[in-house]
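Lettering of chains follows the sequences in order, A, B, ..., and the numbering in each one begins at 1. The shown structure was predicted, so the numbers you read here are calculated from the model rather than taken from an experiment.
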Amino acid sequence: MASIQHSILYWFDENKRDLPWRESKNPYSVWISEIILQQTRVEQGKPYYDRFMNRFPSVFDLANADEEDVLLAWKGLGYYTRARNILKCAKTIVGEYGGSFPKEREELLNLPGIGEYTAAAIASICWDQPYIALDGNIIRIVSRVFNIDSPFSYSSGKAIFKTMGQEFVSKDRPGDFNQALMDLGASICLPKSPRCDQCPILGFCEAKKINKQHERPVKLAKRKPINRFLLFFVHYKNKKLALIKQENSGIWKNLYLFPHVEYPSEHQLLEAKEGLDSFVSGIHLLSHQRIHYVAIKGERLKKQEDMQQELVWVPVKDIENLPIPRLMAHIFEVWPNAKTQD
DNA sequence: GATGCGTGGCG
DNA sequence: TCGCCAAGCAT
């Protein structure tokens, strides 16, 4: 009987996708494609890859580029830290490695923007080093084939996936094996409706045997939302808006937002706004918190004894003409740097 | 370990 | 419609 690895590689040889970054195994193009494809769909990344390689054909061209130009090539793709790291990394490779990538996994991991997944992908595709590249696709396939019921996000779960994955990965063709699993995950072993009837390794899948393929991978249980009760002050005067800087902790740490007071219960929030000129209220969801809010005009601001933070007055255009829902949207629109606002 | 980062596709 | 999430990483 054929091994599971053999079945996967056979399927790959017959069905592999024709993608621009598969034309070469040189580390530069593999690296660029892997960075572009982080949290990004193949169809979205393709045109960026083509333009990027055309604009920066080698690691030397990239290392000599201005950050502005790299960011321009990245414009519209998102996660712009990737673009900044890609430039830093190119400079390191040229400056410290004479323009060729280090082949040791540990050295790859030290490069900016390269984590466990990308290091494994580069090492396996370029130099046939037997590392499993645990991306979303391969996590899903491994969780189903071995019926792993522990979430990848737990460190204990991560250890299981790494152990099983390392055992799983083909030692003969690890690069093809990783890419095969990604293709399989993208076309057959889908997150929601896996096409098990077309799967080349159906007979090896432990989850399918007990009909739990839909329950894999196990996701971390969502924490139930915490209720919070906040009274906001919208204080707009002389075309300036009052903001406060948050402490270096909590959900809006170090950000600027409207002055506010927090109450322990909805009852106390409603009691506090009693008699005040409240004009909008509602619930805002943010990071497993349900924030019940009431906003009042700011004339009463000075009388609030609980308001201890120092106010920062920020010039804002035309706030008096904004409809209330738009204004309220601003309340939860936190500002990293009040000085840059106008 | 939890959180932020960006855009586009999907049911 | 809109929440979920897709070839993760850094902090």
Side-chain angles (χ1 to χ4, degrees), chain A residues 12 16-17 19-22 29-49 52 71 73-89 108-126 131-142 150-159 161-162 165 175-187 189-194 214 217 219-223 225-226 246 248-255 284-290 332-336:
Chain A
F12 183 62
K16 69 188 280 189
R17 287 178 289 180
L19 300 169
W21 45 85
R22 287 183 175 171
S29 52
V30 171
W31 168 55
I32 296 298
S33 70
E34 290 301 340
I35 302 296
I36 286 177
L37 292 169
Q38 287 170 5
Q39 300 294 109
T40 304
R41 292 164 193 279
V42 165
E43 289 310 315
Q44 189 188 357
K46 260 187 196 171
Y48 282 88
Y49 174 82
F52 199 95
L71 285 169
W74 212 265
K75 196 173 96 176
L77 195 53
Y79 284 128
Y80 298 97
T81 301
R82 292 185 295 177
R84 296 191 181 92
N85 280 339
I86 228 170
L87 177 56
K88 277 189 212 163
C89 187
L108 286 172
L109 284 173
N110 282 334
L111 294 169
I114 297 184
E116 296 225 18
Y117 162 76
T118 307
I122 292 173
S124 65
I125 294 171
C126 299
Y131 294 113
I132 191 79
L134 286 171
D135 76 320
N137 286 307
I138 300 188
I139 288 165
R140 186 168 62 256
I141 293 173
V142 168
S150 180
F152 182 75
S153 49
Y154 287 158
S155 58
S156 57
K158 207 162 289 181
F161 277 87
K162 283 168 79 169
D176 285 347
F177 189 81
N178 279 325
Q179 295 183 83
L181 291 184
M182 291 183 222
D183 281 13
L184 194 60
S187 61
C189 197
L190 301 169
K192 296 199 174 177
S193 307
H214 294 281
K219 299 288 186 183
L220 192 55
K222 296 229 188 294
R223 283 200 277 164
I226 299 160
Q246 294 293 106
N248 184 23
S249 67
I251 194 168
W252 292 303
K253 72 174 184 181
N254 293 333
L255 298 172
H284 180 76
L285 299 176
L286 182 60
S287 184
H288 66 81
Q289 301 190 21
R290 292 164 57 88
F332 295 106
E333 190 178 296
V334 290
W335 296 331

Rounded distance (Å) that lies between atom P of dA7(C) and atom CD1 of I138(A): 10 Å
Under the rule for ring pair (Phe, Tyr, Trp, His ring centres under 6.0 Å), what residues qualify as partners of Y117(A), not counting sequence neighbours? none
In whole angstrom, give the distance that lies between atom CZ of F52(A) and atom C1' of dA7(C). 17 Å
Closest nucleotide of DNA chain B for S156(A) versus for G76(A): which of these residues is on the 5' side? S156(A)
Take K192(A) and S155(A), find for each the nucleotide of DNA chain B with the closest heavy atom, and name the residue whose nucleotide sits nearer the 5' end. S155(A)
Rounding to an integer number of Å, can you tell me how far I141(A) CD1 sits from dA7(C) C1'? 12 Å
What is the distance, rounded to the nearest whole Å, between atom CD1 of I35(A) and atom P of dC5(B)? 19 Å
In terms of side-chain heavy atoms of Y79(A), which of dC5(B), dA7(C), dA10(C) is nearest? dC5(B)
Whole-angstrom distance between dG1(B) and dA6(C), as gauged at atom C1': 22 Å
For nucleotides dG6(B) and dT11(C), find the distance between their P atoms and express it as a whole number of Å. 14 Å
Do F152(A) and L134(A) make a side-chain contact, defined as non-hydrogen atoms from C-beta onward lying under 4.5 Å apart? yes
For W74(A), which contact category applies under a 4.0 Å heavy-atom criterion: base, sugar-phosphate, or nothing? nothing
Tell me what L111(A) touches on the nucleic acid: a base, only sugar-phosphate, or nothing, going by heavy atoms under 4.0 Å. sugar-phosphate
Within residues 36-45 of chain A, those residues having any heavy atom closer than 4.0 Å to DNA chain C are L37(A), Q38(A), Q39(A), R41(A)
Can you sort out the partners of T118(A) under side-chain hydrogen bond (donor to acceptor under 3.5 Å, both in side chains), two or more places apart, ordered by chain and number? Q38(A)
Please measure how far the P atom in dA2(B) lies from the corresponding atom in dA7(C), and state the result in whole Å. 22 Å
Side-chain contact, heavy-atom cut-off 4.5 Å: L37(A) with D135(A)? no
5'-most by nearest nucleotide on DNA chain C - M182(A) or N85(A): M182(A)
Select one nucleotide: of dA7(C), dA6(C), dC9(C), the one nearest the side-chain heavy atoms of D183(A). dA7(C)
Over all strands shown, is E116(A) touching base, sugar-phosphate only, or nothing at heavy-atom distances under 4.0 angstrom? sugar-phosphate
Does R17(A) contact dA7(C) through a side-chain donor or acceptor facing the base, at a distance under 3.5 Å? yes
Starting at the 5' end of DNA chain C and moving along, which residue's nearest nucleotide shows up first, G185(A) or K88(A)? G185(A)
Any side-chain donor-acceptor pair under 3.5 Å between R82(A) and N85(A)? no
Tell me, with the steps shown, if W21(A) and V42(A) meet side-chain contact (heavy atoms from CB on, under 4.5 Å). CA-CA 11 Å; W21(A) 45 85; V42(A) 165; 4.0 Å; yes
Quick check: do I86(A) and W31(A) have side-chain heavy atoms less than 4.5 Å from each other? yes
NZ/K158(A): more than 12 non-hydrogen atoms of other groups inside 6.0 Å: yes
Rounded to whole Å, please give me the gap between NZ in K46(A) and C1' in dA6(C). 16 Å
When rounded to whole Å, the CZ to P distance for the pair R84(A) and dT11(C) reads 13 Å
Can you tell me how far P of dT7(B) sits from CZ of R82(A), to the nearest Å? 11 Å
Between P on dG8(C) and CG on N178(A), what's the gap in Å once rounded to a whole number? 13 Å
Before you tell me yes or no, could you show the steps for L77(A) and I36(A) under side-chain contact (heavy atoms from CB on, under 4.5 Å), namely the whole-Å CA-CA distance, both residues' side-chain angles and the distance that decides it to 0.1 Å? CA-CA 8 Å; L77(A) 195 53; I36(A) 286 177; 4.1 Å; yes
Taking dC5(B) as the reference, what is the distance to dC2(C) when you measure between their P atoms (whole Å, please)? 22 Å
Contact class for S33(A) (heavy atom, under 4.0 Å): base, sugar-phosphate, or nothing? nothing
Determine the contact category for L77(A): base if any of its heavy atoms lies under 4.0 Å from a base atom, sugar-phosphate if only primed atoms, P, OP1 or OP2 are that close, otherwise nothing. base
